[in-house]
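Here is the structure we will look at, set down as structure tokens.
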Amino acid sequence: MALFDIFRRKKAEPAATDQAQPQQPTTNTEQHTTTPAEEATPAPQEPSSQEEVTRGLAKTKEGFFGKLARAVAGRSQVDAEVLDELEEVLITSDVGVETTVKIIENIERRVAKDKYMNTAELNSILRGEIEALLQECEEKNNNFGLNITEGVPYVVMVVGVNGAGKTTTIGKLAAQLKKAGKKVYIGAADTFRAAAIDQLQVWADRAGATMIRQDMGSDPASVAFDTLKSAVANQADVVLIDTAGRLHNKIGLMNELSKIRNVMAKIIPDAPHEVMLVLDGSTGQNAFEQARQFTAATQVNSLAITKLDGTAKGGVVIGISDQFQIPVHYIGVGEGIDQLKVFDRHEYVNALFGEKK
């Protein structure tokens, strides 16, 4: 028996030795421990609307405040000389003469009332004056700023000169409305340029909208009629109608736009619900002239001002909104499909002056 005991002990010793050794991991996964640096990092947050507007108006802010800083440098009081300098700053920032005069007169009254006002207060007062002059559409929160009602398509007739960003604005607006879950139809009623129809088709496809088109040279009113008829039959939420951007014959333009309006009213009695004028913000004072021509030609009741990110002439928003008493509905602050923004005057003023603390 002793011999068998010795034999059993010899066999048991290696087994015990094996148990004493720590087991090696069989895979790299088993020996991995998560360190703080390796933990999943949250996805970068999307920039807020205010941040995008601020970035888009950076050139305007730099130009405007650069001039303003030079105008008040070394001054301790707002006097006639400072106001003259401020007047020049506003005019050269494309705010417009009439709106500039209105702002200066209001500040003059404040100075006369308070007797003494230092230049440090000027920004705050100027901020308030500008914000008070800006017109904006009331509907902002839902349906990307459109006052859509159930059962009837909301019709927007889009007007503006060629090159102002009309087609791009329609495409971006359609994309945002589709993102909001709306069924969107686009009518290619600018039938005088084949390129306009094809470009609009690209945007419609990109946005996921339905486009109604006819051959180049077709009657624009006929395209608008077919678009609304199809939109009603298919229970669309929004209809966007593109129009020609010719200004060489104002009478012809007026007659054409009136005909489009009258034809659409046969399908939806109060259509179009909105006539939106698209203006290129980078053209400065030329945008004022375009606004005069189109407001004379048709009943414009909203504005979209584009290309503000590439210009220091963003002051046109103030002057055009004030002079024509038409609310700004959208502003373009970049080339991205999501960089058409519902206009908010507080965001605009914050972009120029900085957010209030």
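Start at 1 with the first residue, then count along the sequence. Note: hydrogens, waters and symmetry copies are ignored here, and every other heavy atom, side chains too, is used.
A donor-acceptor contact under 3.5 angstrom links the side chains of Glu274 and Ser302, judged on distance only. If you check the side chains of Tyr185 and Asn234, you find a donor sitting under 3.5 Å from an acceptor.
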Tell me, with the steps shown, if Leu303 and Met276 meet side-chain contact (heavy atoms from CB on, under 4.5 Å).
CA-CA 5 Å; Leu303 300 171; Met276 185 168 68; over 6 Å; no
side-chain hydrogen bond (donor to acceptor under 3.5 Å, both in side chains) between Glu87 and Thr100, worked out:
CA-CA 6 Å; Glu87 184 175 13; Thr100 294; over 6 Å; no
Determine, stepwise, if the pair Asn286 / Gln290 fulfils side-chain hydrogen bond (donor to acceptor under 3.5 Å, both in side chains).
CA-CA 6 Å; Asn286 284 340; Gln290 292 169 25; over 6 Å; no
Stepwise, does the side-chain contact (heavy atoms from CB on, under 4.5 Å) test hold for Leu126 with Ile130?
CA-CA 6 Å; Leu126 188 56; Ile130 288 174; 4.1 Å; yes
Apply side-chain hydrogen bond (donor to acceptor under 3.5 Å, both in side chains) to Asp226 and Gln214, showing your working.
CA-CA 10 Å; Asp226 287 350; Gln214 294 181 10; 2.8 Å; yes
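Side-chain atoms of Gln235 never come within 3.5 Å of backbone atoms of Val232 as a donor-acceptor pair (strictly under, hydrogens ignored). With Ser218 contributing its side chain and Asp215 its backbone, the two residues share a donor-acceptor pair below 3.5 Å. Under the 3.5 Å distance criterion, the side-chain polar atoms of Arg345 are matched with a main-chain donor or acceptor of Glu131. Asp114 contributes no side-chain N or O that, together with a main-chain N or O of Met117, makes up a donor-acceptor pair within less than 3.5 Å. For Asn301 (side chain) and Val275 (main-chain N/O), a donor-acceptor pair under 3.5 Å exists by modelled atom type. Side-chain atoms of Ser230 never come within 3.5 Å of backbone atoms of Thr227 as a donor-acceptor pair (strictly under, hydrogens ignored).
Remark: Gln50 engages Thr54, Asn350 in a side chain to side chain donor-acceptor pair (under 3.5 Å) (not counting sequence neighbours).
Atom CD of Gln176 is separated from atom CG of Asn143 by 12.5 Å, given to the nearest 0.5 angstrom.
For Glu98, the CD atom is loosely surrounded, since the number of other residues' heavy atoms within 6.0 Å does not exceed 12. When the shell of 6.0 Å around NZ of Lys67 is examined, it contains more than 12 heavy atoms from other residues, nucleotides or ligands. Shown here is Gln285, whose CD atom has more than 12 heavy atoms of other residues, nucleotides or ligands within 6.0 Å.
In the hydrophobic cluster analysis, where Ile, Leu, Val, Met, Phe, Trp and Tyr join through side-chain heavy atoms closer than 4.5 angstrom, Leu308 is grouped apart from Tyr330. A chain of hydrophobic side-chain contacts below 4.5 Å, direct or via other Ile, Leu, Val, Met, Phe, Trp or Tyr residues, connects Leu279 to Leu57. Cluster membership check: Val223 does not share its hydrophobic cluster with Met264, using side-chain heavy-atom separations under 4.5 Å among Ile, Leu, Val, Met, Phe, Trp and Tyr. Put simply, Met211 and Leu173 are part of the same group of oily side chains (I, L, V, M, F, W, Y) that touch within less than 4.5 Å, one to the next.
Side-chain contact between Phe64 and Leu90 is present, with at least one heavy-atom pair separated by less than 4.5 Å.
Nearest heavy-atom pair across Lys313 and Asp94 is CG-OD2, 3.2 Å.
Between Phe288 and Phe324, the ring planes are tilted. Angles from 30° to 60° get that label. Ring geometry for Phe353 against Phe65 counts as perpendicular: the plane angle is over 60°, on a 0 to 90° scale with 30° as the lower cut.
With Lys166 as the partner, the side chain to side chain donor-acceptor pair (under 3.5 Å) test is satisfied by one option alone out of Thr243, Asp242, Thr306: Asp242.
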